[in-house]
Asks: 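Sharing a structure, written as structure tokens. Questions coming.
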Amino acid sequence: MATLPNPLPKLASDPSGRSLGLQLPPGRLIDMTDQGVWHEPLLWHAARTAAPGNWSALGAPAGRAGLVPVLIDLGGSQGGPEQWDLAPARMSYPGDHDAEEVLEDFWEEWAAEDEEWPGLADAPTLNADPDVRAAQIADALAGEGPSWFGAPHMALVPARRSADVPAAIGWSGPVNHENDTARLGAVLRSWEDRFGIRVVGIGFDVLAVSVAAPPTTVAEAEAVAAEHFAFCPDNILQGSGTLEAYASGLIGEHVWSFWWD
């Protein structure tokens, strides 16, 4: 995929990150992929598990350095990202794909023959600053919030925007649904624009995003649920079972999670 200048190599000789305007705790750079060692680090993550407040302390300075914060799970059965078969060489660029075309393609593959693609959901009104909401959700995931992640660690990724983080690291969690994560990244970009999402957590096959403009009515939630079904059919097929039941849980919900079998 298209890349930006990567500031992470500077951390090899400056692990504190001071040259980048950062004050980093001890951590490590990850450059292991499914094809061996990558030519530059894909991400940095802290050595200790995340705690509430870490995201807020690191997020703004990281952004000025060209890095995007995200929580990376090191506590799953598949270990940390160096064991995830990251595949950056397989990724295209999210900006090269149209979100609605991607979702419609998946919808036609997974929906019943008589169910037509309903189109993209309208954008609700933002009820929070997206970056503030991301920090709140990150704090919850690092504290007593939902237990999708066994051991979330603060991480930094060189990326243009939060939606690009999965493709930027070559994340292959949805490989049984889509092996070019940049196509899903195009959808994440669209959700950034319409719903104020931020990618806040990534595990081996789990993705969590904060939501600053969640649906507030049944009709809005059902429209969003259709997009979620195309994006991650397992959420419905191995979860609530129906779009209607799934949609009821989206009303006012400030975090969306996705899991691919």
Side-chain angles (χ1 to χ4, degrees), residues 22 43 45-46 49-73 94 99 120-149 152-169 171 173 184-203 206-225 227-228 231-232 235 246-259:
L22 304 173
L43 68 137
H45 71 70
T49 55
N54 288 170
W55 184 288
S56 295
L58 195 54
R64 292 191 291 270
L67 298 165
V68 178
V70 67
L71 295 175
I72 294 288
D73 186 23
L120 295 181
D122 293 334
T125 301
L126 283 173
N127 61 22
D129 178 277
D131 294 321
V132 172
R133 176 60 48 76
Q136 293 169 342
I137 297 303
D139 283 355
L141 293 176
E144 300 298 325
S147 57
W148 302 306
F149 305 114
H153 290 235
M154 280 300 306
L156 299 175
V157 176
R160 285 178 169 81
R161 52 197 288 184
S162 179
D164 293 356
V165 164
I169 66 173
W171 184 57
L184 298 179
V187 178
L188 292 172
R189 282 185 166 204
S190 178
W191 290 350
E192 269 193 346
D193 296 339
R194 287 181 291 140
F195 305 110
I197 71 103
R198 297 290 186 267
V199 173
V200 293
I202 298 177
V206 177
L207 178 73
V209 305
S210 60
V211 189
T216 58
T217 68
V218 170
E220 289 177 352
E222 289 181 347
V224 173
E227 295 192 31
H228 284 203
F231 185 81
C232 180
N235 265 28
Y246 180 81
S248 66
L250 295 177
I251 297 174
E253 180 56 53
H254 295 151
V255 58
W256 298 340
S257 65
F258 304 93
W259 167 79

Asks: Would you check if the side chain of Asp73 reaches a backbone N or O of Ile202 as a donor-acceptor pair within less than 3.5 Å?
Replies: no

Asks: If I compare all heavy atoms of Ala247 with all of Ala221, which pair ends up nearest, and what's the gap?
Replies: O-CB, 3.3 Å

Asks: Do you know the tightest heavy-atom contact between Gly143 and Pro52?
Replies: CA-CG, 4.2 Å

Asks: Check whether any side-chain heavy atom of Pro69 sits under 4.5 Å from a side-chain heavy atom of Leu58, and report yes or no.
Replies: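 No, their side chains stay 4.5 Å or more apart.
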
Asks: Compare all side-chain heavy atoms of Arg189 with those of Arg194 and state whether any distance is below 4.5 angstrom.
Replies: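 Heavy-atom side-chain distance check fails, nothing below 4.5 Å.
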
Asks: So, the side chain of Asn54 versus the backbone of Ala51: is there a donor-acceptor pair under 3.5 Å, distance only?
Replies: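 Checked: pair present.
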
Asks: With heavy-atom distances below 4.5 Å as the criterion, would you say the side chains of Leu43 and Ile72 are in contact?
Replies: yes

Asks: Answer yes or no: are there more than 12 heavy-atom neighbours, outside Asp122 itself, under 6.0 Å from its atom CG?
Replies: no

Asks: Under 4.5 Å between any side-chain heavy atoms of Ser257 and Leu207, yes or no?
Replies: no

Asks: Applying the side-chain contact (heavy atoms from CB on, under 4.5 Å) criterion to Trp55, which one of Ile137, Leu141, Val200, Asp131 satisfies it?
Replies: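 When side-chain contact (heavy atoms from CB on, under 4.5 Å) is applied between Trp55 and each of Ile137, Leu141, Val200, Asp131, only Val200 qualifies.
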
Asks: Under 4.0 Å between a side-chain nitrogen and a carboxylate oxygen: does that hold for Asp193 and Arg161?
Replies: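 Salt bridge flag = yes for Arg161 with Asp193.
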
Asks: As a quick check of understanding, evaluate side-chain contact (heavy atoms from CB on, under 4.5 Å) for Thr217 and Ile251, giving each step before the final call.
Replies: CA-CA 6 Å; Thr217 68; Ile251 297 174; over 6 Å; no

Asks: Check the angle between the aromatic planes of Phe195 and Trp256 and answer parallel, tilted or perpendicular using the 30° and 60° thresholds.
Replies: perpendicular

Asks: Decide if the gap between the ring center of Trp191 and the ring center of Phe258 is smaller than 6.0 angstrom.
Replies: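 Aromatic pair counts; centres sit under 6.0 Å.
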
Asks: Measure the shortest side-chain to side-chain distance between Leu156 and Val70 over non-hydrogen atoms and say whether it is less than 4.5 angstrom.
Replies: no

Asks: Taking all non-hydrogen atoms of both residues into account, name the closest pair between Gly196 and Leu126 and its distance.
Replies: CA-CD2, 4.1 Å

Asks: Evaluate the criterion side-chain contact (heavy atoms from CB on, under 4.5 Å) for residue pair Val165 and Trp171; output intermediate values, then yes/no.
Replies: CA-CA 9 Å; Val165 164; Trp171 184 57; over 6 Å; no

Asks: Looking at Glu253 and Pro214, would you say the former's side chain and the latter's main chain have a donor-acceptor pair under 3.5 Å?
Replies: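 No.
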
Asks: Ala142 and Pro152: which non-hydrogen atoms are nearest, and at how many Å?
Replies: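 In this case the closest contact between Ala142 and Pro152 is CA-CG, 4.3 Å.
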
Asks: Verify side-chain contact (heavy atoms from CB on, under 4.5 Å) between Thr216 and Thr125, making sure each step is shown before the conclusion.
Replies: CA-CA 9 Å; Thr216 58; Thr125 301; over 6 Å; no

Asks: As a quick check of understanding, evaluate side-chain contact (heavy atoms from CB on, under 4.5 Å) for Leu188 and Ile197, giving each step before the final call.
Replies: CA-CA 8 Å; Leu188 292 172; Ile197 71 103; 4.2 Å; yes

Asks: Could you pull out the closest heavy-atom pair between Ala168 and Pro158, with the gap in Å?
Replies: CB-O, 3.8 Å

Asks: Between Ser162 and Val199, is any pair of side-chain heavy atoms under 4.5 Å apart?
Replies: yes

Asks: Which heavy atom of Gly185 sits nearest a heavy atom of Pro94, and at what distance?
Replies: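 So the minimum-distance heavy-atom pair works out to C-CB, 3.9 Å.
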
Asks: Mark yes or no for whether Arg133, through its side chain, and Val211, through its backbone, hold a donor-acceptor pair below 3.5 Å.
Replies: yes

Asks: Sequence neighbours left out, what passes side-chain hydrogen bond (donor to acceptor under 3.5 Å, both in side chains) with Asn235? Give chain and number order.
Replies: Tyr246

Asks: Are the side chain of Glu192 and the backbone N or O of Ala163 linked by a donor-acceptor pair below 3.5 Å?
Replies: yes

Asks: Determine whether Trp148 and Leu71 make a side-chain contact, defined as any pair of heavy atoms from C-beta on separated by less than 4.5 Å.
Replies: no

Asks: For the pair His153 (side chain) and Ala46 (backbone), establish whether a donor and an acceptor sit closer than 3.5 Å, ignoring hydrogens and angles.
Replies: yes

